[in-house]
Structures are given as C-alpha cells and as structure tokens.
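For reference, the structure discussed in these notes is given below.
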Protein chains: 2
Amino acid sequence: MGRTSDAKNKILTAARSLLEQRGYSALGVAEICKTAEVPKGSFYYFFESKEALALAVIDEQWAAERRDWEGILRGDAEPLERLRQLFEATENRQRNGQESCGVVVGCMFGNLSLEMSNQTDAVRERLQQIFEDQVDMVEATITEALGRGEIEVADPREAARSVVAQLEGQVLFAKLYNSTGQLSTLWPNCLALLRASRPQVAELA
Amino acid sequence: MGRTSDAKNKILTAARSLLEQRGYSALGVAEICKTAEVPKGSFYYFFESKEALALAVIDEQWAAERRDWEGILRGDAEPLERLRQLFEATENRQRNGQESCGVVVGCMFGNLSLEMSNQTDAVRERLQQIFEDQVDMVEATITEALGRGEIEVADPREAARSVVAQLEGQVLFAKLYNSTGQLSTLWPNCLALLRASRPQVAELA
C-alpha cells in the first residue's frame, strides 16, 4: 500500500488550515506536505496541482456546509423561521471557530472569492457555483414565504442574492474585527430586506 | 538627487496594480521593483518593508475614495439622495475599473480584509479604521434622514454598518462574477434596510 487515504486526509486537513490562515497565493506544496507530515511524492500521487488541491478543499468544505444549509432550509419549520435558523447556525459556526482557533476565520468561499477570482478560472467557477447553490436554496425559501404573504419582494432571486450578500458582508466584518457580535443583525436585516410584514417583525421584540 | 518622488510614485502605482491583481501574500519586493522599473535600493529608500508599502497604498486609495465619500455624503442633497449617489458612484467606479482592466477589481479594503486580517495587525487596524470612517459618514447621513422621519431604524450606527456590509457583499459578488449588474440593487436594498417610509420607496417606481 504505502500511500493510504490517511495521507490524503492529512494533506486536505493541512491545506484547509493553511488556506484559512493565509489564503491561497501564499500557499506552497512544500509547506503543505511539511504541515501534513507526508512526503512530497504523496502530494502528487493524490493531487495534480495546488489548484486541484484547493478545489478538493473547497468541495469538502461545501459538502459539509451544504448539509447544514439543506438540513435547515429544507426542514419542516416555517420559511422565515428557517432563514432565522440559517443565520443562527452561521453565527454559531463563526463563534465556535473563534473559540477553537482564536480568530474569526470568516467564510472560506468569500475569502477565496476576493483573493482568487482574478486568478484561476476553475476556482472562480466553483465558487460561483457554490454561491448559486446558496442563492437557489434561499430563493426557494423566500418564494414559500412570499406565497404565504409574509414578505414583499418583486424578484425572489435578486432578494435571495441580497440576503446572501448581507451575510457575506457581515462575515467580512466579523473576520476583520475578530468579533461575531454584529452577526446577530443578520436576522432583523433579512426581515427588512424582504420587507417582512409587521406581525413578523413584531415577533422580534 | 538620484531618488526622486517619481520613483516612489512608480513603486506605489506598481504595488497598487499588483495588489489588485493578486493580493498581498503573493506580492514580492523584487517583483514590485521590476514592474515599477526601479532598483531595489530605491524601494528600501522609500519603504521600510512590504507592509509599510501596503499601508501607503491603502492610505493613498482611501484618500482618493474618501474625497468621493465626503463630497457625496456631506453634500447639499437630501440625506437619502446622498446615499443613492454613493451607490451610483460605487457602481460607476466598478464599471470604469472593469472597462479599463477587463475585470471587476472589487473593493481594495474588502479584498485585503479577507486576505490579510489574520496576518498583520498594522494593516488590519488600518482597514478597521477605514471602515469605521465609512460607517461614521453613513451613520451621520442616516441620523439626518431619521430626524426628517424618512426612515425607521432603532440604532443608526448598526444600520450604517449593515448598509456598508451590504455594499461589501454585493461588490464581492460583482468581483466573483465579473459583473456589475447586481450593484443596481444597492439603492433599493438600502431603503429596505433602513425601513424607508413608503413615499420614499414609491419614488423608485
């Protein structure tokens, strides 16, 4: 055997951690292998290039986050309540990350979007697809709430994109200020963006 | 003489362009000097380090953008109209950038926030200060609109931060998708976030 999936997992774990700490550009294959404690030959056995590894890390991260998004947004709760749960989960994820590694790491997809989108087409396309998936799920939830007369939006897809944009912007601030406090505004801001009817807003008080 | 401010400007211009294209981590002093066509000695004559140069580029960029922000947000128009002009200027800046260099470069401060905030304290603090300045200016405008009974917000500072977060999130998407189309939602989204009274919203139609 020699090269086991254990080595592959070690590389993925090291790469995720280094990507979160320092971004993609500063990442080198030698350093990934050193951190993962695997020989360089192992790297190229599993991954064609640094870009291929980045795509694998992104896919793994989205597979995990996607389970959360689907579990919440396709769950049984009422549509607006599902959106509230999504923001709560986002806040908890960032807070747990901060507790375990000392800093708010932010959103890997947002981080890489701003660092890499002028650089590699394959990564840019993957990140676009992930945000489209997120917007799809939020749009479906918004459309349900719209059907129930709970919100007022002219274009559910555009509204969904604005909700995800607000999330990314607030997570950017959480990372820059190393503070998750502001993330509690995601839910009231979402209600405002969707022009939720007054009874919904009153529940906040 | 020998070393003129011309060399300094060449270094700043090269650094800004390389920072926008590839971010901070991947940037090297040798490459900056090569792009700027100045000898390496000149670099260290003007800048103590790569970090010092990054701070100078950030300051120069904010000095220019700040003039736009102040010109608009401290102008004579009515407060909500000033916010509309700010978003229009943002959209125009991104569109002009795309026309001149082929890609939407996004917001330098947002890009560096996500790339660098885990890295250098000096840069992180400078970026925090810039966003505080932006939030200050938006907050003052929101407070005026609030006094005129045109909007409904409980906490003008939190509302201002949410408006800037929405801007950063939408500019992130503009960069990732290399498209400025979605930026036209900044204005209606701002009115929604501020719970602008109906007559204000009706003016959109």
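Chain identifiers are assigned alphabetically (A, B, ...) following the order of the sequence lines, protein sequences preceding nucleic acid strands; residue numbering begins at 1 within each chain.
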Point to revise | Side-chain donor-acceptor contact under 3.5 Å, A/Glu115 with B/Tyr24 | key: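 Per modelled atom types, A/Glu115 and B/Tyr24 side chains form no pair under 3.5 Å.
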Check your understanding: Does the side chain of B/Asn189 reach to within under 4.5 Å of the side chain of A/Gln166, using non-hydrogen atoms?
Key -> no
Could you state the interatomic distance from [atom1] ([X]) to [atom2] ([Y]), rounded to the nearest 0.5 Å?
X        : Y        : atom1 : atom2 : value
A/Met108 : B/Leu114 : CE    : CG    : 13.0 Å
B/Glu158 : A/Ser184 : CD    : OG    : 6.0 Å
B/Leu172 : A/Phe109 : CG    : CZ    : 12.5 Å
A/Leu176 : B/Leu112 : CG    : CG    : 10.5 Å
B/Arg124 : A/Tyr177 : CZ    : OH    : 10.5 Å
B/Gln170 : A/Arg161 : CD    : CZ    : 8.5 Å

Practice item. Search all heavy atoms of B/Pro188 against all heavy atoms of A/Arg195 and return the closest pair with its distance. Key: O-NH2, 3.8 Å
Point to revise | Within 6.0 angstrom of A/Glu70 CD, more than 12 heavy atoms from elsewhere | key: yes
Between [X] and chain B, with a heavy-atom cut-off of 4.5 Å, which part of the residue counts as in contact: side chain, backbone, both or neither?
X        : result
A/Asn178 : both
A/Val171 : neither
A/Gln182 : side chain

Review point. Checking B/Phe131 against chain A: side chain, backbone, both or neither under 4.5 Å from a heavy atom?
Key: both
Practice item. With a 4.5 Å cut-off on heavy-atom pairs, point out which of A/Cys190, A/Gly110, A/Gly106, A/Ala159 contacts chain B the most. Key: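 Looking at each option in turn, the highest pair count goes to A/Gly110.
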